[in-house]
Amino acid sequence: MFNGIYAVLYRELSIYRKRAIKQILSSSLSPLLFLIAFGWGFGSGVTVGGLPYISFLIPGLITMNSLNQSFAISAEINISRFYFHTFDEYLIAPVSHAGIVVGEALFGVFRGLLAAVIIFIYALIFKVTLFFNPIFLIAIVLHTFIFSLLAVTTSMIVKDHSGQALVNNFVITPMIFLCGTFYPIDKLPYAFKLLVYVFPLTYSTKVIRAALTGGEVNILYVGLMAFYCIMFFLTSLWALRSVEA
Amino acid sequence: MNDNNVLTVAGLRKKYKDKAAVNGVSFAFSTGEFVGLLGPNGAGKTTTIKMLTGLIRPSAGTIHYYGSDFRQQSQTSKALIGVVPQQNNLDRDLTAYENLYLHAILYGIPNGVRTQRIDELLDFSGLADYRNRQVKQFSGGTMRRLVILRALLHEPKILFLDEPTVGLDPQIRRVIWDFIVKINRVKNTTILLTTHYIEEAERLCKRVLVINDGSIITDGDPETLKDGIGRFVLEIHKDDSIEEEFFDTRDEALAALHNSTYTCKVRGVTLEDVFLRLTGRRINV
Ligand SMILES: Nc1ncnc2c1ncn2[C@@H]1O[C@H](COP(=O)(O)OP(=O)(O)OP(=O)(O)O)[C@@H](O)[C@H]1O
Ligand SMILES: [Mg+2]
């Protein structure tokens, strides 16, 4: 198991090192645009649940940006499976599937955490006070694990690039717009609320926002996040097994 | 089950939807054998190798390495296998060294000897100058040599080479031949090689399997196979085609030549003649 994890991380980080600047820059831009548009342009003077809108928005941007970065490994695994066949090197090597899955997921977590750091820097620049605490750390790690493992599952199931785009458009984007990253979900119509409570992003956003803004964290939600983590770990293993069929 | 065999395969099959890509093949390799797997495009060579190396699951049949079931002991067995896939699968964004280092980790080569082993192999194969260059800048020949090198890094007991020399110039091909022959002789590594260059198989392989439409139709050493169709060929150069007739002796062939009104040529039988006879069609090179 350890060889697999180490090998995958060695590969991913060796490549990441060469692209780090480009990737950090590209994951910095869109949250900044959201901050300017919604934080300053639209949200100044608005309060949500007793918070200035920008304080409400920042935790949402943290979950959004880290989700995007963690999930982005999916497209890359895809390329390595279908275009360069480098993924085959893992499959023929004497390493366990669990090692490959955990290695890829840890890389996704790493990217997700970096993306969260970027938003923290913005919070400093925009002078937004955040409460940094252990619950937040646990939550952000669980959050990035969930979406990294979802990414691994997806990349093993889809058959090509267009399948990948389909998942991005029909799962990831709706999740980001519906799960309370930009506004409180209680304003959604009842039917949507039901849908939204299926998406794991809803829980991670609630937990992370509560932790960072000094609100009360619902421990049940943290438990649900752990549940999603385990579930997507199992689906990853299952999907990886099905690749050999 | 003979445990002295490196590899024993029985009734191996792979079915895709309505078609069997590999339709029940059986064979066994003993230590140090150099075997060629020949067959036309789409015969099932790559599919066979993918099953033997754990990349795809067989629909039926069994695979044993040193007597232990590949499915149950897959990690132990995989450590004994080296693979050169038909398509180069190097990481183009990594350097030669980084590609090899990744492989070293995957195969559990201890930390202390990884770099040393890599540099020895790079020197041995004349690729030392490429050590720190990104693979995407390499020529096809250099990439292919690196893929072969990588497959040898963990000193496998059995090496699968799927068209190792396709698209390479004659000089590089000879470099690669020398290299794999040396591996076979010095390390006694068992080798299974597929190729469409039949003369390559004739030169290198002590034993040849011919696969056609998913089934093995011949298994033997090249000389015996050639004896089977006759030692000499009379080529009759007709206006729109070349016809071939086979004879056991040169004299018989020459006698037939004298009776012909076309331009003719007598030559020794090659493995390619055997191959074309057996598979009943010309193959793409
Ligand atoms: N994933 C797949 N799905 C469906 N059919 C497949 C698949 N992979 C291979 N085949 C079919 O199985 C047959 C054997 O293919 P294979 O790649 O093993 O041939 P090959 O002997 O290696 O040919 P070549 O000399 O061209 O490399 C072919 O008819 C091919 O179309
Ligand atoms: Mg092939």
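Chain letters run A, B, ... following the sequence lines, proteins first and then strands; every chain starts at 1. The figures here come from the full heavy-atom set of this structure, side chains too, leaving out hydrogens, waters and symmetry mates. Quantities reported herein were computed from a predicted structural model and do not represent experimental measurements.
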Worksheet item: Below 4.5 Å, heavy atoms only, C-beta onward: do B:L90 and A:T86 meet side chain to side chain?
Response: no
Worksheet item: Which answer fits B:Q134, side chain, backbone, both or neither, if we ask what part of it has an atom under 4.5 Å from a heavy atom of chain A?
Response: side chain
Discussion item. Testing A:V8, A:V95, A:I100 one by one against B:L106 for a side chain to side chain contact (heavy atoms under 4.5 Å, CB included), which residue passes?
Written reply: A:V95
Discussion item. Counting only heavy atoms not in B:K78 (residues, nucleotides, ligands), do more than 12 fall under 6.0 Å from its NZ?
Written reply: yes
Worksheet, complete the sentence: Heavy-atom nearest pair, B:E98 first then A:S14, reads OE2-CB, 4.2 Å
Worksheet entry | Part of B:L80 within contact of chain A (heavy atom distance under 4.5 Å) | neither
Fill in: Part of A:S80 within contact of chain B (heavy atom distance under 4.5 Å)
neither
Practice prompt. Side chain from CB out, backbone as N, CA, C, O: work out which of these in B:S74 comes under 4.5 Å of a heavy atom of chain A, or both, or neither.
Written response: neither
Discussion item. Testing the basics here: between B:R57 and A:R241, what is the closest heavy-atom pair and its distance to 0.1 Å?
Written reply: NH2-O, 3.0 Å
Response to the item:
Okay, B:N88 and chain A: the region with an atom under 4.5 Å from a heavy atom over there is backbone
Practice prompt. Determine whether B:Q75 and A:S96 make a side-chain contact, defined as any pair of heavy atoms from C-beta on separated by less than 4.5 Å.
Written response: yes
Practice prompt. Taking the side chain as every heavy atom from C-beta outward, state whether B:Q87 and A:F84 have any pair of such atoms under 4.5 Å apart.
Written response: no
Worksheet item: Between A:V243, A:N3, A:I92, A:L91, which shows the greatest number of heavy-atom pairs under 4.5 Å with chain B?
Response: A:I92
Worksheet item: Taking every heavy-atom pair that is under 4.5 Å apart, which of B:L55, B:I56, B:T53, B:D93 has the most such pairs with chain A?
Response: B:L55
Practice prompt. Can you establish whether the number of heavy atoms outside B:K187 located under 6.0 Å from its atom NZ is more than 12?
Written response: no
Worksheet item: Is the count of non-hydrogen atoms from other residues, nucleotides or ligands lying under 6.0 Å from A:L33 atom CG greater than 12?
Response: yes
Fill in: Contact class of A:R17 relative to chain B, heavy atoms under 4.5 angstrom
side chain
Worksheet item: Any idea which of A:Y90, A:F2, A:Y6 has the most non-hydrogen atom pairs under 4.5 angstrom with chain B?
Response: A:Y6
Worksheet item: Side chain, backbone, both or neither: which part of B:T95 has a non-hydrogen atom closer than 4.5 Å to chain A?
Response: both
Worksheet entry | Check ion pair A:E244-B:K50 (N to O, under 4.0 angstrom) | no
Worksheet item: If you measure from the Lys or Arg side-chain nitrogens to the Asp or Glu carboxylate oxygens, is any gap between B:D91 and A:R11 under 4.0 Å?
Response: yes
Discussion item. Looking at every non-hydrogen atom in both residues, tell me the closest pair between B:Y107 and A:A93 and how far apart they are.
Written reply: OH-CA, 3.5 Å
